[in-house]
Amino acid sequence: MIIYKTDAEIGLMQQSAQLVSKTLTEVAKVLKPGITTMELDKLCDDFVHDHHAIPSFKNYKSSYPFSICASVNDVVVHGFPNNEPLKEGDIVSIDLGVILNGWHGDHAYTFVLGEVNEEVLKLVRVTKESLYKGIEKAVAGNRIGDISYAIQEHTEKKNGYGVVRELVGHGLGKSMHEDPQVPNYGKRGDGKTMKENMTLAIEPMINLGTREVYTDRDGWTVRTADGKPSVHFEHDVCIKRNKALILSDYSIIEAAEKANPNLNTSYY
Ligand code: MF3
Ligand code: CO
């Protein structure tokens, strides 16, 4: 069942999404080789609590042990923060969910530490572009499959990347996962018709090599089958008539990213 939100509720969801953006901005300020994802987990957990919200991933399904997912290199999503120092050449997706005033925000950004090869940099660029291509189709009257197709077209068909099939975007609201599912692959004209004030988390997970993935023995960490890198970007959006309203905000993350000499922003 799809739950449509009132304009007031959309305003609250925007605050939740933007708290995630602000937290990821704090991450963008401190990221550097040598820092550990466990330190980032603590920073995010503290920041969210200081802003009167609760990290939503922690204890999700009575199981996920941390406040963020930190997915490095061949980890697609749901990577556990750990005490291994990040190093030059790593790409790291930080995914964070919060509950603020009862409403969920859930989004992610992939950071590039220093020099990486051109191939990887292009994967980061194309994945971020595909998120916006999907969002362009996220308007009232279009179908979910139009979003899916746009993402798959840009990544798999045009660039030969692997589009993960096992994990998808989703509706978002008072729960982190609501209907409908938003796959990153599919056919134009398929799926539910979008209507105003539907709220979605759109999240391409794109592999440099094969689309095949497996889950580690920890039960969560999803890795590429071929060990090649994977990139993940996620925005929260609200469906409107001509253009989706993006509830999350990359502009503050990108400003901090550009100001941090340890991060590579040469791809955009
Ligand atoms: N953005 C992811 C999702 O929408 C994050 C979930 S992590 C979990 O599914 F630990 F909470 F599952
Ligand atoms: Co999500």
Side-chain angles (χ1 to χ4, degrees), residues 2-3 13-14 16-21 23-24 27 37-38 40-42 44-45 48 53-72 75-82 92-100 103-111 127-128 130-132 134-135 138 144 147-148 151 163-185 198-207 213-223 230-239 244 246-250 253:
I2 294 173
I3 303 165
M13 287 190 65
Q14 194 161 28
S16 305
Q18 293 193 2
L19 177 56
V20 176
S21 310
T23 314
L24 296 180
V27 171
T37 48
M38 197 63 86
L40 300 177
D41 186 70
K42 166 111 174 60
C44 292
D45 190 85
V48 170
I54 298 168
S56 59
F57 296 175
K58 199 170 224 163
N59 216 29
Y60 180 73
K61 291 190 176 162
S62 306
S63 157
Y64 192 78
F66 300 100
S67 294
I68 62 170
C69 302
S71 303
V72 181
V75 177
V76 179
V77 286
H78 303 167
F80 284 2
N82 62 33
V92 51
S93 145
I94 304 294
D95 192 353
L96 170 69
V98 303
I99 308 168
L100 177 63
W103 294 93
H104 283 257
D106 164 28
H107 80 95
Y109 194 92
T110 296
F111 299 96
T127 303
K128 197 198 250 185
S130 78
L131 171 58
Y132 288 102
I135 292 171
I144 294 295
I147 301 174
S148 308
I151 294 171
V163 175
V164 175
R165 301 301 201 266
E166 288 81 352
L167 298 139
V168 295
H170 50 92
L172 181 78
K174 279 196 178 271
S175 307
M176 180 160 62
H177 295 133
E178 294 182 355
D179 285 341
Q181 293 197 342
V182 186
N184 299 304
Y185 55 92
M198 233 173 116
T199 44
L200 303 174
I202 304 178
E203 48 179 321
M205 290 156 264
I206 309 297
N207 300 346
V213 298
Y214 69 95
T215 304
D216 265 4
R217 293 177 61 178
D218 64 23
W220 279 101
T221 308
V222 178
R223 290 178 189 273
S230 182
V231 173
H232 176 219
F233 283 96
E234 178 176 19
H235 259 318
D236 299 336
V237 308
C238 173
I239 304 303
I246 304 180
L247 303 171
S248 34
D249 182 3
Y250 277 179
I253 302 171

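The shown structure was predicted, so the numbers you read here are calculated from the model rather than taken from an experiment. Each ligand, and each atom within it, is numbered from 1 in the order the structure gives.
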*Determine whether more than 12 heavy atoms belonging to other residues, nucleotides or ligands lie under 6.0 Å from atom CD1 of Ile2.*
yes
*asked:* So for atom NZ, which belongs to Lys58, do other residues, nucleotides or ligands contribute more than 12 heavy atoms lying within a distance under 6.0 Å?
replied: yes
*Quick one: closest heavy-atom pair of Thr37 and Val72, and the distance?*
CG2-CG2, 4.4 Å
*Considering non-hydrogen atoms only, spot the tightest contact between Ser56 and Ile99 and give its length.*
CB-CG1, 3.8 Å
*asked:* I want to know if ligand 1 touches Asp106 in the polar sense, i.e. an N/O pair below 3.5 angstrom.
replied: yes
Reported [atom1]-to-[atom2] distance for the pair [X] and [Y], which is rounded to 0.5 angstrom:
X	Y	atom1	atom2	result
Leu172	Ile202	CG	CD1	11.0 Å
Ser130	Ile135	OG	CD1	9.5 Å
Asp216	Tyr214	CG	OH	5.5 Å
Tyr250	Glu234	OH	CD	7.5 Å

*For ligand 1, does Glu203 get within less than 4.0 Å through its side chain, its backbone, both, or neither, judged by non-hydrogen atoms?*
side chain
*asked:* Applying a heavy-atom cut-off of 4.0 Å, say which part of His78 lies close to ligand 1: side chain, backbone, both or neither.
replied: side chain
*Mind checking ring-ring contact (aromatic ring centres under 6.0 Å, His included) for Tyr132 and listing every partner two or more places apart, or none if nothing turns up?*
His235
Any idea which protein heavy atom is nearest [atom], and the distance to it?
atom	value
atom 10 (F) of ligand 1	Tyr64 CG, 3.1 Å
atom 4 (O) of ligand 1	His170 NE2, 2.7 Å
atom 2 (C) of ligand 1	Asp95 OD2, 3.3 Å
atom 9 (O) of ligand 1	His177 NE2, 2.8 Å

_Heavy-atom gap Phe66 to ligand 1 smaller than 4.0 Å_ = no
*Tell me, which protein N/O/S atoms are under 2.8 Å away from the Co ion (ligand 2)?*
Asp106 OD2, His170 NE2, Glu203 OE2, Glu234 OE2
Which of the atoms in ligand 1, numbered in the order shown and given with their element, are less than 4.0 Å from a heavy-atom of [X]?
X	answer
Met176	11 (F)
Cys69	7 (S)
Tyr60	8 (C), 11 (F), 12 (F)
Glu234	1 (N)

*Heavy-atom side-chain contact between Trp220 and Cys69 under 4.5 Å*: no
*Could you tell me if the ring centre of Tyr60 sits under 6.0 Å from that of His78?*
no
*With ring centroids as reference points, do Phe66 and Phe80 lie under 6.0 angstrom apart?*
yes
